[in-house]
Protein chains: 2
Amino acid sequence: MTIKEVAEKFDMTNDTLRYYEKVGLVGPVKKNSSGIRDYSEEDLKRIEFIKCMRSAGISIEVLKKYVDLYDEGENTKLERQQLLEEEQKKLEEKIKTMTDALEKLKFKIELYKTDKLDEYL
Amino acid sequence: MTIKEVAEKFDMTNDTLRYYEKVGLVGPVKKNSSGIRDYSEEDLKRIEFIKCMRSAGISIEVLKKYVDLYDEGENTKLERQQLLEEEQKKLEEKIKTMTDALEKLKFKIELYKTDKLDEYL
DNA sequence: TTATCACTTAGAGTCTAGTCTAAGTCAATA
DNA sequence: TATTGACTTAGACTAGACTCTAAGTGATAA
């Protein structure tokens, strides 16, 4: 699969894909005889995972660490699991924070709707 | 209330508070005879709101727009409400995205726990 | 054969949201 | 009185995550 196809499939830019490869999140992707990238199934799976985790706000740095541990082999399993559990915790907290903010936002909108807005901001 | 007290109260830095003032999110904050900031109750309420919305990922730019509309007066009420509703929608989508990612993360952790991890990454 | 187009690279530039620095003022304390 | 410490300013710097540019290669269309 070419970089263009991958970019379309996952709705991201070629630049981002090359950037992820440069920082070591994906690949190194195989190149054909003219030096053009040909993404493998495994590359695609990694990209999908990375994209999903990025959309949740997990940093490139953390993901890079996870990928590196993975590439180190079996003996890093526990450490990888712990890393994921740590991110799970952070993500749950973030969702909580955002849900609270959403409630406040909804409340404020309600004030606008019922024209009871006599407050600050 | 001094900048230091405000910063402590809301767990942010003096720099951030001055930055918010510089970009027009807060204030202009009253200064005493020696030029020291003295935050009013209204300033505090704005800061609390801003902080809450920032923690949900709403951009400075959007918040600035909202504050500006507010300062324009009554006749921007509808526009303000629409802006908030737009942000509500975005926030709900973001929470959904993050919740989905969280589920995937939990699933992966489960695979680690049950030692069924035979996949990619 | 020449031009077009998609790809390649290294590296520079951009955006957001702060964060830090340097130089200066003022009030209070040793 | 001298110095300490908290505050002030303008403006430079940073981190994270891309995003763009310039210069080049190679396959295909006119």
*asked:* So, does B:R37 get its side chain near the phosphate of D:dT9, meaning an N or O under 4.0 Å from OP1 or OP2?
replied: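 It does, given that an N or O in the side chain of B:R37 lies less than 4.0 Å from OP1 or OP2 of D:dT9.
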
*Between B:K31 and D:dT9, does any side-chain N or O lie under 4.0 Å from OP1 or OP2?*
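The answer is yes; a side-chain N or O of B:K31 sits under 4.0 Å from OP1 or OP2.
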
Rounded to the nearest angstrom, tell me the gap between atom [atom1] in [X] and atom [atom2] in [N].
X	N	atom1	atom2	value
A:I36	C:dC5	CD1	P	16 Å
A:E61	D:dA15	CD	C1'	10 Å
A:L25	D:dA17	CG	C1'	11 Å
A:K64	D:dG16	NZ	C1'	16 Å
B:M1	D:dA6	CE	C1'	16 Å
B:I50	C:dG18	CD1	P	11 Å
A:N32	C:dC7	CG	C1'	10 Å
B:I58	C:dT16	CD1	C1'	16 Å

From [options], pick the nucleotide closest to the side chain of [X]?
X	options	answer
A:K22	C:dT8, D:dC7, C:dG11	C:dG11
B:S34	C:dC26, D:dC18, C:dA17	C:dC26
A:K4	C:dC7, D:dC7, D:dA17	C:dC7

*Donor + acceptor pair across side chains of A:Y66, A:R80 (<3.5 Å)*: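 Note: A:Y66 and A:R80 side chains miss the donor-acceptor criterion.
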
*Partner of A:R37 under side-chain contact (heavy atoms from CB on, under 4.5 Å), chosen from A:M1, A:E21, A:K4, A:K30*: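 The option that passes is A:E21.
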
*Tell me, which of residues 5-21 of chain A have any heavy atom that sits under 4.0 Å from an atom in DNA chain D?*
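Under 4.0 Å from DNA chain D: A:D15, A:T16, A:Y19, A:Y20.
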
*asked:* I'd like to know if A:I47 and A:I36 are part of one continuous hydrophobic network [Ile/Leu/Val/Met/Phe/Trp/Tyr, side-chain heavy atoms within less than 4.5 Å].
replied: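 Shared cluster, no.
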
_I'd like to know if B:D71 and B:R46 make a salt bridge, using a cut-off of under 4.0 Å between side-chain N and carboxylate O._
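A salt bridge links B:D71 with B:R46.
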
*Among all residues two or more places apart in sequence or in another chain, which pass the salt bridge (charged side-chain N to carboxylate O under 4.0 Å, His left out) test with B:K51?*
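Salt bridge (charged side-chain N to carboxylate O under 4.0 Å, His left out) check on B:K51 returns nothing, list empty.
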
_Tell me every residue that passes salt bridge (charged side-chain N to carboxylate O under 4.0 Å, His left out) with B:K77, counting only those two or more places apart in sequence or in another chain._
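Listed in chain order: A:D115, B:E74.
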
_If you assign each of B:D38 and A:S33 to its closest nucleotide in DNA chain D, which residue comes earlier from the 5' end?_
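Here B:D38 is the residue nearer the 5' end.
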
_Atom CD of residue position B:E48 - does it have more than 12 heavy atoms of other residues, nucleotides or ligands inside 6.0 Å?_
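Open: at most 12 neighbouring heavy atoms sit under 6.0 Å from CD of B:E48.
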
